[in-house]
2 protein chains.
Amino acid sequence: MALEHAILVSLLEKPGSGYELARRFDRSIGYFWTATHQQIYRVLKRMEGDGWIDVREMPQQTRPDKKEYSVTALGRAALSQWLHEPIELESVRHDLAVKIRGAAFDDPAALIREVERHHQAHTDRLTHYLAGEWRDFTGPGAPGTPDAGRELQHVVLRGGIAYERMTLAWLDDVLVTLRRLGPAR
Amino acid sequence: MALEHAILVSLLEKPGSGYELARRFDRSIGYFWTATHQQIYRVLKRMEGDGWIDVREMPQQTRPDKKEYSVTALGRAALSQWLHEPIELESVRHDLAVKIRGAAFDDPAALIREVERHHQAHTDRLTHYLAGEWRDFTGPGAPGTPDAGRELQHVVLRGGIAYERMTLAWLDDVLVTLRRLGPAR
DNA sequence: GGACACATGTAAACGGTTACATGATTGT
DNA sequence: ACAATCATGTAACCGTTTACATGTGTCC
């Protein structure tokens, strides 16, 4: 489990509320971790109980009050300890690959639309990542000062970009294969 | 959930026991889906109850008796229905990326060994996939007859190979970045 | 005698998803 | 009036992981 650690990293980068964390998990952190607000609120409670994070009630006039969380020394130590532990390789779960192999027992051509839909979604993601890279790292508005944190954020984003490009190339390969098999059936 | 469907596909490709399925999930199917034997036995029970699969008791002299499962017409129909439903994009969970961003608040250089370890593991996987590709698809011993099932298995394997190659290139990028940051600290 | 591959299971704990619930403010 | 955004939560369910449990045959 690394949701707690992902939250620690995110709060160290910038303290914030559960709601804000949920939005970050939809955006920048979303290309290597996902979490819903329900999960986040639950884990925040536990982390607070463990003394990993502190809460400050932030009354707001125009919007509902919020709780701003920040990482304690204990939380930092917990993160540090985790960073020094070896972790398992990710295990892949690719439904689409199951479908593709399953298509051998159905109509391969019926999958073409589904694959095209995924292709479009990955194209959108890639566009979104590239816009973020331009905005935060490679564009003229991005700060030119070198900073370890930014460098590390950038290399993770480059990983997301590489993943989307690889996936798009593979989906092209899949489409060629399905179209070749389709009419022959 | 697609474990049931992954099992259907695997049993359609070749009927077998729970134990055999578990081994397939460690090998060929492992590059797009993982499952332990505990999970598989439980799901097999449920699928049998739903009439998706049939069991045949297979007494064996030299080894413990096993149950051989095969897919029924109802199971085939269930697979077909699932194939025609749209599925969600995969959500990514990449612990290593969390660690890399977390390294900004610890020692980036301490991560180098961990990343090298992952690099080695992905190299091993790639070698294994390439050996499988040569054995089953591109080598001289592979059957030359065109077959939809084999074509689809091959395109999925090419996806696994592309994933490993992309990951290795990215891990190289990560190592360069970490080594650049390390001594500066 | 000990390790390993074959073969099947149960039970507890944990994590993630989905549905439900509330309430204020801002914009159309 | 309605939808969207901000903001926090509870409860039920489901799937996955980990630990435990048992037993045979083969090989060193």
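Proteins come first, then strands; the chains are lettered A, B, ... in the order of their sequence lines, and each starts at number 1. Remember, predicted model here, so these are calculated numbers, not experimental data.
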Trainee: Determine: side-chain N/O of A:Tyr19 to OP1/OP2 of D:dT8, distance under 4.0 Å, yes or no.
Mentor: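 No.
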
Trainee: How close or far is atom P of C:dA7 from atom CZ of B:Arg23, stated in whole angstroms?
Mentor: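 In whole Å, C:dA7 P and B:Arg23 CZ are 8 Å from each other.
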
Trainee: Let me spell it out: for each of B:Pro64 and A:Ala35, pick the nucleotide of DNA chain C with the closest heavy atom. Which residue's pick is nearer the 5' end?
Mentor: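 Between the two, 5'-proximity favours B:Pro64.
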
Trainee: Please report, rounded to the nearest Å, how far the C1' atom of D:dT16 is from the CD1 atom of B:Ile7.
Mentor: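 Nearest whole value for this atom pair: 13 Å.
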
Trainee: Looking at the base of C:dG16, is there any donor atom on it, or on the side chain of A:Arg42, that sits under 3.5 Å from an acceptor on the other one?
Mentor: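 Indeed, a donor on one side and an acceptor on the other fall under 3.5 Å apart.
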
Trainee: Measure the distance from CD on B:Glu48 to P on C:dT8 and round it to the nearest whole Å.
Mentor: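 One finds 12 Å between P of C:dT8 and CD of B:Glu48, rounded.
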
Trainee: For B:Glu116, is there an ion pair with B:Arg113 - N to carboxylate O distance below 4.0 angstrom?
Mentor: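 Looking at B:Glu116 together with B:Arg113, the answer is no, because their closest N to O distance does not fall below 4.0 Å.
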
Trainee: Which nucleotide sits closest to the side chain of A:Trp33: C:dG15, D:dG15, C:dG16?
Mentor: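 From the listed options, C:dG16 comes nearest.
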
Trainee: Let me know the distance between CG of A:Asp65 and P of D:dT8, rounded to the nearest Å.
Mentor: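 Spelled out: CG on A:Asp65 to P on D:dT8 is 9 Å.
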
Trainee: May I ask you to check whether over 12 heavy atoms, not counting those of B:His128, lie within 6.0 Å of atom NE2?
Mentor: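 At most 12 heavy atoms, drawn from other residues, nucleotides or ligands, come within 6.0 Å of this atom.
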
Trainee: Using a cut-off of less than 4.0 Å, is there contact between a side-chain N or O of B:Gln60 and OP1 or OP2 of C:dA7?
Mentor: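 For B:Gln60, the contact criterion (side-chain N or O under 4.0 Å from OP1 or OP2 of C:dA7) is met.
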
Trainee: How close or far is atom C1' of C:dC6 from atom NE2 of B:His37, stated in whole angstroms?
Mentor: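 Answer to the nearest Å: 12 Å.
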
Trainee: Should A:Glu151 and B:Arg180 count as an ion pair when the cut-off is N to O under 4.0 Å?
Mentor: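 Salt bridge flag = yes for B:Arg180 with A:Glu151.
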
Trainee: Applying a 4.0 Å non-hydrogen cut-off, can you work out what B:Gln38 is touching in the nucleic acid: base, sugar-phosphate, or nothing?
Mentor: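 Base, at least one base heavy atom under 4.0 Å.
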
Trainee: Mapping B:Ser91 and B:Tyr69 onto DNA chain C by nearest heavy atom, which one lands closer to the 5' end?
Mentor: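 Nearest nucleotide further toward 5': that of B:Tyr69.
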
Trainee: Nearest to the side chain of B:Tyr41 - D:dT8, D:dT18, C:dA7?
Mentor: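 Nearest to the side-chain atoms of B:Tyr41, counting from C-beta on, is C:dA7.
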
Trainee: Output the single nucleotide from C:dC6, D:dT16, D:dT17 whose closest atom is nearest the side chain of B:Thr36.
Mentor: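 Nearest listed nucleotide: D:dT17.
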
Trainee: OP1 or OP2 of D:dG9 sitting under 4.0 Å from any side-chain N/O of A:Lys67?
Mentor: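 Yes.
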
Trainee: Please report, rounded to the nearest Å, how far the C1' atom of C:dT22 is from the NZ atom of A:Lys66.
Mentor: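 Answer to the nearest Å: 20 Å.
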
Trainee: Calculate the interatomic distance between A:Glu20 atom CD and D:dG9 atom C1'; express it in whole Å.
Mentor: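 So the two atoms are 17 Å apart, to the nearest Å.
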
Trainee: Report the distance from atom CH2 of A:Trp82 to atom NZ of B:Lys99, rounding to the nearest 0.5 Å.
Mentor: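 Taking CH2 in A:Trp82 and NZ in B:Lys99, the distance rounds to 6.0 Å.
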
Trainee: Parallel, tilted or perpendicular: which fits the ring planes of B:His154 and B:Phe137, with parallel below 30° and perpendicular above 60°?
Mentor: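 Aromatic pair B:His154/B:Phe137 classed parallel.
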
Trainee: Do the side-chain N or O atoms of A:Ser17 get closer than 4.0 angstrom to the phosphate oxygens (OP1, OP2) of D:dT8?
Mentor: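 The answer is yes; a side-chain N or O of A:Ser17 sits under 4.0 Å from OP1 or OP2.
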
Trainee: Return the value, rounded to whole Å, for the distance between atom CD of A:Glu88 and atom P of D:dT17.
Mentor: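 Between P of D:dT17 and CD of A:Glu88: 10 Å.
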
